[in-house]
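For the numbers below, each heavy atom of this structure counts, side chains included, while hydrogens, waters and symmetry mates do not. All values reported here derive from a predicted model rather than from experimental measurement.
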There are 2 protein chains.
Amino acid sequence: MLTDRQLLILQVIVDDFIRSAQPVGSRSLSKKDEISFSSATIRNEMADLEELGYIEKTHTSSGRVPSEKGYRYYVDHLLSPQVLNKQDITIIQSIFAERIFEFEKIIQKSAKILSDLTNYTSIVLGPAASFNKLKRIQIIPLSKESAVAIFVTDSGHVENRTFYLPPTVDASDLEKTVNILNERLTGVALEDLNDKIYKELAMLLRQHIRNYDLMMHTIADSLKMPANEKLFFGGKTNMLSQPEFHDIGKIRELLQMIDHEEWIYPLIKNDSAGINVKIGRENKNSAMENCSLITATYSVGTEKLGTIAILGPTRMEYSRVISLLQFLSKDLTSVLTNLYQK
Amino acid sequence: MLTDRQLLILQVIVDDFIRSAQPVGSRSLSKKDEISFSSATIRNEMADLEELGYIEKTHTSSGRVPSEKGYRYYVDHLLSPQVLNKQDITIIQSIFAERIFEFEKIIQKSAKILSDLTNYTSIVLGPAASFNKLKRIQIIPLSKESAVAIFVTDSGHVENRTFYLPPTVDASDLEKTVNILNERLTGVALEDLNDKIYKELAMLLRQHIRNYDLMMHTIADSLKMPANEKLFFGGKTNMLSQPEFHDIGKIRELLQMIDHEEWIYPLIKNDSAGINVKIGRENKNSAMENCSLITATYSVGTEKLGTIAILGPTRMEYSRVISLLQFLSKDLTSVLTNLYQK
DNA sequence: AATTAGCACTCGACTTCAATGAGTGCTAAC
DNA sequence: GTTAGCACTCATTGAAGTCGAGTGCTAATT
């Protein structure tokens with residue numbers, strides 16, 4: 001469809017605009033080393049590219065700016081995969097330098113470092129606790145009327161819930177219940193706990209426990225796991241330094257979105273494995289109109305665990321960001337696989 | 001020092017400016033009901049007030065704007081305590097409507113509601129976990145090399161740490177240790193644990209445990225509690241709607257500060273009990289130059305637990321915010337006292 | 001037939017200028 | 001002591017003009 005020359009021009013326009021944030025004119029293009037033809041020729045080609053929807057003018061006599069379609073084409077076909085420099089690699093690897101046992105710390109550090117390296121906003125979706133397998137349940141009475149239930153998973157994740165414990169429940173029953181739960185539920189994924197309690201343990205509990213009904217509901221209730229995994233951010237304010245965000249209204253909209261975690265999930269979830277690029281309105285979100293989101297998944301073994309993402313302006317350094325995410329997600333996956341898949 | 005008329009004028013200027021965000025001129029002042037003298041008189045008085053440093057001009061021929069000193073005087077002497085309307089009271093009390101067992105939920109909801117009611121940013125400093133008394137320690141091995149230690153406090157707060165557990169430590173020793181810890185440390189404040197372990201338990205452990213040294217250090221290490229209490233925010237982006245923040249640089253500075261929790265602590269800690277107002281540069285923080293911070297403390301019984309604060313522009317509705325904070329902190333204190341002081 | 005030089009034209013960005021009006025300070029009259 | 005009156009200041013607004021980087025089109029060149 002597009003001639004080689006048009007491709008070249010499109011690529012140079014996108015590259016230049018990503019660098020400078022200024023509309024690109026035919027004259028400045030013609031001066032580039034890669035380009036050997038005159039500005040008039042470029043103007044003709046640009047007119048064609050514009051007609052095809054790959055580039056746009058900001059006003060009648062301005063230079064050209066990539067359209068979303070242009071970025072999309074650029075990302076899909078023109079991206080020259082950038083090799084990370086040693087410094088970047090060292091910095092990323094520093095995430096794993098310390099002996100860290102907790103997911104969260106690693107994840108958090110990843111978010112911080114990603115945003116520092118890119119100057120964009122990073123979003124890391126932590127591992128879904130619901131996949132973890134239960135290791136131990138503990139119930140500890142606090143007062144006459146309340147107790148705290150603690151759930152430890154095989155990955156070392158600890159969940160806890162304080163709940164109302166009617167004084168009518170006696171200690172030995174509680175103990176028995178906990179024993180039964182531990183016996184029967186160890187190794188079960190958190191998300192399946194509730195189901196399993198009702199389906200398989202109801203009978204058993206009924207046999208042994210006096211206050212069976214109350215007990216079951218109380219515990220099952222407190223087991224309603226949070227629907228969403230934890231999100232970590234880095235560089236929330238980095239977008240404020242991007243020249244495209246001079247408008248406070250836009251900024252407010254964007255920051256407001258970032259501060260509403262529940263609005264972020266739909267953006268970064270449900271992405272297939274590997275790198276995923278969503279440009280501008282592809283994100284189906286008005287606050288993201290001038291933003292692109294690049295996501296990558298990380299796993300333990302073959303099981304997808306979470307997502308790391310970079311949120312930047314559509315005029316984002318796609319090549320660099322993709323390389324960084326690829327590298328980090330690979331590292332994360334291998335470190336986590338080593339650590340937890342034994 | 002100041003005449004009654006000067007006080008009146010200062011008060012009306014501050015009130016008006018808080019409402020309109022526009023410099024106040026002598027003519028518009030003279031039209032107010034409260035004011036019965038001519039604009040020329042007002043001009044004379046304003047000149048005096050300016051000389052004394054209570055008000056300022058933005059340029060030679062502009063109306064007047066309160067200075068920090070002016071706000072300070074206003075807050076200290078001219079504030080007409082505002083009575084909260086019923087709606088506000090209802091909304092605040094809705095925080096406690098549900099039966100909630102966890103501090104965090106209450107605190108979080110308080111932050112949200114405060115920012116909604118004021119349209120400023122709210123900051124709530126959660127209760128210092130370190131004051132809580134230990135209820136139970138549990139150590140649960142995860143793999144050959146790691147285990148998680150769980151600390152439950154009498155308030156239902158759960159802390160956990162994953163740590164490296166050398167394979168050389170055997171199970172019975174671990175159990176013995178945990179038993180000893182529980183026996184000796186229950187009721188001790190979290191912040192004193194470390195001390196107590198080294199001073200009082202070292203001997204005891206040495207007698208019973210083979211790998212005593214290693215064990216002790218591992219556990220004591222994982223007991224290093226986070227130095228700071230948790231912070232909760234509401235309305236982080238509210239400041240973006242304030243007309244004084246049209247400058248992106250200023251906004252960035254402010255938001256950046258808000259996102260660095262460690263920079264927030266010094267601002268809201270170390271305040272004496274009760275309401276505390278810091279205006280502009282009184283906060284000793286360049287990002288806060290045009291902001292005021294109003295804080296209030298809440299307690300259980302007589303023990304100060306945490307702080308609730310509102311961050312707004314210096315042109316803030318002091319009267320309303322102070323009333324809200326007073327009311328909420330009183331409610332928080334009484335609810336928490338009922339809940340936990342038994 | 002493709003490329004390029006040349007040129008008229010467009011339009012945002014910036015500057016200048018004058019008009020407007022909300023504000024001031026000062027003086028003199030009340 | 002208060003106020004009316006007046007000259008003065010200065011931010012804001014809008015109109016007019018210049019500049020320059022850009023375009024599209026046409027005609028000459030390769």
What's the [atom1]-[atom2] distance between [X] and [N], to the nearest Å?
{"X": "B:Asp16", "N": "C:dA22", "atom1": "CG", "atom2": "P", "answer": "15 Å"}
{"X": "B:His59", "N": "C:dG25", "atom1": "NE2", "atom2": "C1'", "answer": "15 Å"}
{"X": "B:Asn44", "N": "C:dC26", "atom1": "CG", "atom2": "C1'", "answer": "9 Å"}
{"X": "B:Leu29", "N": "C:dA22", "atom1": "CG", "atom2": "C1'", "answer": "13 Å"}
{"X": "B:Ile9", "N": "D:dT2", "atom1": "CD1", "atom2": "P", "answer": "10 Å"}
{"X": "A:Ile42", "N": "C:dA5", "atom1": "CD1", "atom2": "C1'", "answer": "14 Å"}
{"X": "B:Asp48", "N": "C:dG25", "atom1": "CG", "atom2": "P", "answer": "10 Å"}
{"X": "A:Glu45", "N": "C:dT3", "atom1": "CD", "atom2": "P", "answer": "7 Å"}

Inspect the contact between [Y] and [X] and indicate whether a charged nitrogen and a carboxylate oxygen are less than 4.0 angstrom apart.
{"X": "B:Arg72", "Y": "B:Glu282", "answer": "yes"}
{"X": "B:Arg281", "Y": "B:Glu289", "answer": "no"}
{"X": "A:Glu56", "Y": "A:Arg64", "answer": "no"}

At under 4.0 Å, does any side-chain N or O of [X] touch on OP1 or OP2 of [N]?
{"X": "A:Ser38", "N": "C:dT4", "answer": "yes"}
{"X": "B:Ser62", "N": "C:dG23", "answer": "no"}
{"X": "B:Lys57", "N": "D:dA11", "answer": "no"}
{"X": "A:Ser61", "N": "C:dG12", "answer": "no"}
{"X": "A:Arg43", "N": "D:dA21", "answer": "no"}
{"X": "B:Arg5", "N": "D:dT2", "answer": "yes"}
{"X": "A:Thr60", "N": "C:dC11", "answer": "yes"}
{"X": "A:Arg27", "N": "D:dG20", "answer": "no"}

Report task. With B:Cys291 as reference, evaluate B:Ile279, B:Leu311, B:Leu267, B:Asn285 under the side chain to side chain contact (heavy atoms under 4.5 Å, CB included) test and give the passing residue. Result -> B:Leu311

Requested in this report: Please tell me which of B:Thr58 and B:Ser36 maps to the more 5' nucleotide of DNA chain D, matching each residue to the nucleotide holding its nearest heavy atom.
Outcome: B:Ser36

Report summary line: Considering only heavy side-chain atoms of A:Arg64, the closest of C:dT4, C:dT24, D:dT23 is D:dT23

Query raised in the report: Given A:Tyr54, which of A:Tyr74, A:Tyr71, A:Tyr73 fulfils the ring pair (Phe, Tyr, Trp, His ring centres under 6.0 Å) condition?
Result: A:Tyr73

